[in-house]
Amino acid sequence: MRQPMEKLPPDSSANQSSPQRRFIQVCQYRSCQRFNAEAVLTALKQHTSPNLMVAASSCLGQCGSGPTVRVVPDNIWYCRVHPQDVDEICAQHIDQGKPVKRLLHPRFHPDYNRLLQRLESQNEAL
Ligand code: FES
């Protein structure tokens with residue numbers, strides 16, 4: 001005689017969304033180096049997160065507003081980043097998916113609310 005199947009408890013991991021993996025490029029070319037881009041890169045590399053990869057890049061074409069930092073796949077551009085900004089970028093953007101408003105490059109991100117809407121629709125599409 002078959003025993004009735006026990007009902008399994010709900011899979012608690014099924015509904016948890018894992019943080020999105022991100023790749024950060026930090027310009028290490030001339031103009032950005034003059035404004036301490038190497039220290040920004042070093043500070044980012046000290047953050048250990050399975051959701052974060054960091055690499056130096058050549059000129060990202062935003063030389064007048066460096067150090068320039070670009071986050072993909074969000075395609076977020078930060079300008080005039082200082083080493084002391086790195087903790088905030090990691091805690092707010094990398095871990096929570098919300099870009100740091102005060103560091104956004106205004107050429108690429110003139111409207112913060114529109115940016116948040118774009119990111120939200122991208123995340124829904126994933
Ligand atoms: S030197 Fe950094 S963006 Fe051009």
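As the structure lists them, so they are numbered: ligands from 1, and atoms in each ligand from 1. Note that the coordinates shown come from a computational prediction; the quantities given were computed from them, not determined experimentally.
Between R118 and D74 there is no salt bridge, since no side-chain N of the basic residue sits under 4.0 Å from a carboxylate O of the acidic one.
Listed by number with element, the atoms of ligand 1 under 4.0 angstrom from any heavy atom of S31 are 1 (S). Every atom of ligand 1 with a heavy atom of T68 under 4.0 Å away is listed here by number and element: 3 (S). For ligand 1, the atoms lying closer than 4.0 Å to a non-hydrogen atom of Q62 are 3 (S).
Nearest to atom 1 (S) of ligand 1 by heavy-atom distance, out of A37, C27, C79, is C27.
Atom CD of E120 is surrounded by 12 or fewer heavy atoms from other residues, nucleotides or ligands within 6.0 Å.
The SG atom of C59, atom 4 (Fe) of ligand 1 and the SG atom of C63 define an angle of 80° (nearest 10 degrees).
Note that CH2 of W77 and OG1 of T68 are 7.0 Å apart. Values are rounded to the nearest 0.5 Å. A distance of 9.5 Å separates CZ of R30 from SG of C63, quoted to the nearest 0.5 Å.
Metal site remark for atom 4 (Fe) of ligand 1: C32 contributes no N, O or S atom at a distance under 2.8 Å.
Ligand 1 lies nowhere less than 4.0 angstrom from a heavy atom belonging to G66.
Between the side chains of R22 and N51, no donor-acceptor pair is found at a separation under 3.5 Å.
In terms of modelled atom types and a separation under 3.5 Å, the side chain of Y112 and the main chain of P99 share a donor-acceptor contact.
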